[in-house]
Q: 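Have a look at the structure that comes next, please.
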Amino acid sequence: MKLDILAIAAHPDDAELSCSGTIASHVAKGYKVGILDLTQGEMGTRGTPAIRLEESDAAATILGLSARENLAFEDVFFSEEKRYQVEIAKILRKYRPEIVLANAVTDRHPDHGKGGSLATKACFLSGLRRLETELDGVPQEAWRPQAVYHYIQNNYIEPDLVVDISDYWEIKKESILAFKSQFFDATSQEPESFISRPGFLDFIEARAREMGHKISVRYGEGYTVERVPGVDNLFHLL
Ligand SMILES: [Zn+2]
């Protein structure tokens, strides 16, 4: 199955926190969108890999994803070396997305910057026809996405472009809250983490409002680009 957009995320919930409004907006427009999680987030303070997989499935349903996969790389310890690039390239060749959304170029959690850079390298590698890969015993053809946009997660980064998600804010919020183990829950017996504090969702909303403000809409999601974006119709820009 071919996807139009693939979001690549170091941890299950990175995509929901950073680009789920964009995902919901494009699903609503008829595009096929998927998420590739690189790790199961097993080093996270709260929850377990099994719980986070269940939560990922629930969020996938809320967002209307066409596919969601998890490569089960080692949380915190995965690197940008060849074997990780090749595993991602196989997924890119399987789904052949035109656009890839990837982790922030730098962030509070080092996995995010590393995941963003790894995704960039894998997108290039996947386009090299001399890299031979197989899926279920069948040789795969080379595929390079047209564009990689890096979403902005925890640390503020000045965006190069902002997507209007005003009509999709509620879906974004719902998809984030699907990760029940990670966020504030007054009844939870688990230790508090950076993102489980009560004010964390207020911060997510504040960020979406700040990004939206830049393009005069209610809510937005910001991205940095790897190459200059082009249009053939200036009215397609807000
Ligand atoms: Zn993360």
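Everything numeric in this text was worked out from a predicted model, so none of it was measured. Worth knowing before you read on, the calculation uses all heavy atoms, side chains too, and leaves out hydrogens, waters and symmetry mates. Just so you know, ligand 1 is whichever comes first in the structure, and atom 1 is the first atom listed for that ligand.
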Q: Look at H112 and state whether any of its N, O or S atoms is less than 2.8 Å from the Zn ion (ligand 1).
A: yes

Q: Distance check, rounded to the nearest 0.5 Å: D4 atom CG versus R96 atom CZ?
A: 11.0 Å

Q: If you check every N/O/S atom of H11, which is the one nearest the Zn ion (ligand 1)?
A: ND1

Q: Checking side-chain hydrogen bond (donor to acceptor under 3.5 Å, both in side chains) against S18, which of H150, R207, K172, Q153 comes through?
A: Q153

Q: For D14, what is the atom name of its N, O or S atom nearest to the Zn ion (ligand 1)?
A: OD1

Q: Checking side-chain hydrogen bond (donor to acceptor under 3.5 Å, both in side chains) against T22, which of Y151, Y149, Y223 comes through?
A: Y223

Q: Among T106, N155, D14, find the one that has a side-chain hydrogen bond (donor to acceptor under 3.5 Å, both in side chains) with H112.
A: D14

